[in-house]
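The chains referred to below are lettered A, B, ... by the order of the sequence lines, with proteins before strands, and numbering in each begins at 1. Just the heavy atoms: all of them, side chains too, but no hydrogens, waters or symmetry mates, feed the values below. Quantities reported herein were computed from a predicted structural model and do not represent experimental measurements.
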Amino acid sequence: MDLLARLNPRQKEAVTHPGGPLLVVAGAGSGKTRVLAHRIAYLLSVMNVYPSEVLAVTFTNKAAGEMGERVRGLVGMAAQGMWMGTFHSVCARILRVEGKILGISSDFSIYDDRDQTILMKQIMGDHGISLTKLPPPAALSKISWAKSNLLSAEEVASMAGNPYEERIAMLYSAYEKALRENNALDFDDLISLPVRLFKSSPEALERNARRFRQVLIDEYQDTNRAQYALVRLLSSIHRNVCAVGDDDQSIYRWRGADITNLLNFEQDFPDATVIRLEQSYRSTKTILAASQAVIKCNVQRKDKDLWTENSVGRKILVAALSSEWEEGEFLARSIEQAVREDDRDYSDFAVLYRTNAQSRAIEDGLRRSGLPYVIVGGTKFYERKEIKDILAYMRLLVNPRDAVSLARIINVPNRGIGDVTLSRLREFSALCGITPSAALERADEIPRLNSGARSRLGSFKDLIERLREASLDLPVPELITLIARESGYMDSLKEQGTVEALARVENIEELVAGGFEFQERSEEPTLRKFLEEVSLVTDIDLWDDRREAVSLMTLHNAKGLEFPVVSIAGAEEGLVPHHTSFEDEEEMEEERRLFYVGMTRAKERLLITMAAGRRGFRGWTAQMASRFLENIPAEFIEVITPAGDSYIEEPRHHAGRRPQAGNRGHAPPCGRSADYGEEKVVRIGARVMHPDWGPGSVRGCEGYGAQLRLTVRFDSGIIKRMLASYANLEMLDDD
DNA sequence: TACATTGCGATCCGT
DNA sequence: TCGCAATGTA
């Protein structure tokens with residue numbers, strides 16, 4: 001039949017698998033998205049499964065949307081009504097309906113890590129725990145780990161082996177209590193609470209496990225224990241679970257992902273069928289072979305044999321640049337050249353890197369060359385202050401118990417309600433055992449408040465009441481406008497009149513536009529749904545891949561994507577592999593997988609760049625080539641030496657103008673050339689003196705002879721990179 | 001109570 | 001470099 005026409009035998013087998021547990025081990029580029037979409041279409045059109053009986057979990061909301069599109073393309077309207085989304089969005093949907101069994105109101109707020117940190121700070125303050133000794137995010141990450149492993153506060157407490165762990169357990173328990181008081185859930189709760197629900201309520205389990213006749217999970221290698229438990233529970237009646245994944249692409253171990261979920265699938269489901277997809281359709285022979293050579297260095301993996309009928313293609317280009325700015329400039333040049341000579345679109349290109357901080361220099365390079373680009377990730381739209389503020393108003397309207405949101409906006413914009421008044425309010429609410437919002441209602445009874453503060457609280461209370469009433473029948477975008485106006489937020493921004501404030505006004509207008517977009521698209525355009533969506537949306541979801549621009553993103557964000565031309569920037573020891581993984585072999589293997597994921601995003605061309613020196617958060621560091629490059633056989637690589645001289649002096653600041661091209665390599669930066677005959681031994685840490693910049697110490701050296709480049713940090717704070725032969729430095733005695 | 005200034009620390013990946 | 005917390009001042 002037509003549905004199976006363009007599938008290879010393995011793919012066909014996966015698509016038509018009649019029932020029971022199925023594991024599809026899908027190598028990079030082997031068409032797993034295609035298989036998933038076709039399998040769903042097959043289930044709907046041939047196996048007579050209703051859309052509402054299909055649960056398909058993808059890694060991003062964007063992937064879910066695209067999957068839905070593909071299925072609709074295959075079977076048309078018969079696809080309407082499937083459960084499709086990320087674990088988090090699917091679970092939020094389940095909890096809205098079933099949560100009341102656990103005592104969770106359907107109006108819950110979803111706290112992001114920012115909200116969590118605020119809450120944890122409060123808790124630690126209440127318990128007199130120093131925020132510097134135990135940073136709130138550290139405690140939260142322990143708690144998050146526990147939750148994603150389905151460990152309760154009591155269990156953590158009973159496992160605690162030292163005072164530190166006992167303290168974490170205590171904070172965990174207090175944090176849980178605080179979340180419940182605020183009628184709020186964190187990301188981990190979204191997964192772990194449905195698991196708890198299904199374990200404690202056979203009826204709820206029955207209801208949901210019976211509904212989902214078919215459960216499909218994408219990127220199975222990156223599920224954590226809680227997600228695994230959920231999959232088992234939801235598929236416990238029909239046992240039709242189809243997991244798709246690739247152990248070589250597991251890159252979220254640090255977030256609790258447990259690769260044994262995939263590796264032990266056959267033990268967990270003894271009657272499982274395992275299908276391997278090993279033909280790659282994405283990359284050239286060269287890129288595929290090179291990436292295989294890299295990943296085969298990992299010990300903990302299932303060996304596989306990927307192959308392709310694609311052409312050999314061109315060699316992988318490797319370029320070593322002297323600094324991150326040169327790297328950015330070089331990337332810009334190479335993209336420009338490829339657009340010109342190979343007739344490519346900007347959207348064919350992606351630049352991938354390990355850390356978001358690397359995007360700066362690359363962005364600068366592209367901007368200076370006038371290339372269009374988009375940065376995916378980094379500063380997220382919904383995490384901007386003004387957006388979070390407006391959203392906090394909206395959350396408070398839906399969920400009056402949300403004290404974190406209340407505290408966020410009670411004095412934004414300034415209405416003369418300061419720390420003192422707020423803490424009196426909190427004291428009073430604790431004393432009466434009521435929420436801060438309820439305490440607001442009884443502002444008259446709060447002790448030790450002056451009349452001014454009392455009346456300001458009163459008018460804030462009136463404002464919220466007014467807005468809440470309006471929210472009941474006002475569409476989302478209108479409500480946003482109303483909040484921004486009535487709260488005085490817009491006026492206060494406009495009054496400031498700074499460039500920054502005006503940008504914030506624009507962002508709020510963009511939020512309104514987003515509200516209209518939501519209004520048109522959503523089947524259920526309620527305020528609650530809107531808040532849920534914005535809580536769970538990610539940058540990759542918002543990324544418009546059809547825009548004519550080069551995409552810049554982290555290696556993690558690139559998972560599941562593909563581009564004709566991929567550049568991996570910063571292939572250096574300390575970046576990939578990241579320095580935090582040096583000590584741990586398992587983490588090192590994860591870094592290698594990450595690098596592998598990056599390489600396998602490329603369809604036609606792969607460029608790998610590195611910088612010999614990089615500005616860290618303190619001074620300069622000399623960088624070495626990534627060990628992963630050594631894993632690539634030389635026959636697949638072409639090393640290119642970028643044209644042009646290397647720079648001499650560091651630009652004054654990252655966005656500033658670099659030294660004039662005409663000067664580079666010629667004019668000495670400090671006005672006088674040194675004698676070539678005189679030889680000095682320079683070593684890192686040596687004390688030096690410069691006539692203009694005073695004393696300093698050598699932070700790095702690279703090159704040799706007349707080409708020796710020094711990085712010197714002067715005591716005044718200035719950092720200079722210069723050719724040793726021009727440096728004009730006087731060596732100081734050091735003891 | 002609000003706002004400016006200083007000082008310090010921490011720096012990966014992100015639902 | 002940057003954001004945030006503590007400190008100082010109107």
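- Taking atom CD1 of A:I417 as the reference point, atom C1' of B:dT1 lies 12 Å away to the nearest angstrom.
- Within the 4.0 angstrom heavy-atom criterion, no nucleotide atom of any strand lies near A:D188.
- With a 6.0 Å radius and a threshold of 12 heavy atoms from other residues, nucleotides or ligands, A:R196 has its CZ atom at or below the threshold.
- Nucleic acid contact for A:T421: sugar-phosphate only, since backbone atoms but no base atoms lie under 4.0 Å from a heavy atom of the residue.
- Remark: ring of A:F87 not stacked against base of B:dT15; the cut-offs of centroid gap under 5.5 Å and plane tilt under 30° are not jointly satisfied.
- Side-chain atoms of A:S106 and A:R528 form a donor-acceptor pair, as typed in the model, at a separation below 3.5 Å.
- OP1 or OP2 of B:dT15 lies within a sub-4.0 Å distance of a side-chain N or O belonging to A:T538.
- Counting to the nearest Å, the P atom of B:dG14 and the CG atom of A:D115 are 19 Å from each other.
- OP1 or OP2 of B:dA2 sits under 4.0 Å from a side-chain N or O of A:N411.
- Distance, A:K559 NZ to B:dC13 P: 17 Å, rounded to whole Å.
- Considering only side-chain N and O atoms, A:R114 lies nowhere under 4.0 angstrom from the phosphate OP1 or OP2 of C:dG3.
- One can place CG of A:L140 at 15 Å from C1' of B:dG14, the figure rounded to the nearest angstrom.
- At the phosphate of B:dC13, OP1 or OP2 sits under 4.0 Å from a side-chain N or O atom of A:N356.
- Among the atoms of the strands shown, none is found under 4.0 Å from any heavy atom of A:I191.
- At whole-Å resolution of the value, CZ in A:F381 and P in B:dG14 are 19 Å apart.
- Counting to the nearest Å, the P atom of C:dA5 and the CE atom of A:M124 are 12 Å from each other.
- Between the side chain of A:T355 and the base of B:dC13, no donor-acceptor pair of N or O atoms lies under 3.5 Å.
- With B:dC12, C:dA5, B:dT15 as the choices, the nucleotide that has an atom nearest any side-chain atom of A:R255 turns out to be B:dT15.
- Distance CD (A:Q227) to C1' (B:dT15): 9 Å, rounded to an integer number of Å.
- Note on A:N557: only backbone sugar-phosphate atoms sit closer than 4.0 angstrom, heavy atoms only; bases stay farther off.
- When each of A:D539 and A:H578 is assigned the nucleotide of DNA chain B bearing its nearest heavy atom, the one mapping closer to the 5' terminus is A:H578.
- Here the side chains of A:I110 and A:F108 are in contact, with some heavy-atom distance below 4.5 Å.
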Kindly determine whether A:R367 and A:D364 satisfy salt bridge (charged side-chain N to carboxylate O under 4.0 Å, His left out), including the steps that lead there.
CA-CA 5 Å; A:R367 195 196 296 121; A:D364 282 345; 3.1 Å; yes
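- Comparing A:G416 and A:T86 by the nucleotide of DNA chain B whose heavy atom lies nearest to each, the residue mapping closer to the 5' end is A:G416.
- Counting non-hydrogen atoms under 4.0 angstrom, A:T554 reaches the backbone sugars and phosphates but no base.
- Applying the 6.0 Å contact sphere to NZ of A:K142 captures no more than 12 heavy atoms from other residues, nucleotides or ligands.
- Between the CG atom of A:L190 and the P atom of B:dG14 there is a distance of 19 Å, rounded to whole Å.
- Separation of the C1' atoms belonging to C:dC4 and B:dC13 is 22 Å when rounded to the nearest angstrom.
- Inspection of the A:D541 and A:T538 side chains reveals an N or O donor paired with an N or O acceptor under 3.5 Å.
- Contact annotation: A:N414 reaches the phosphate of B:dC3 (side-chain N/O to OP1 or OP2, under 4.0 Å).
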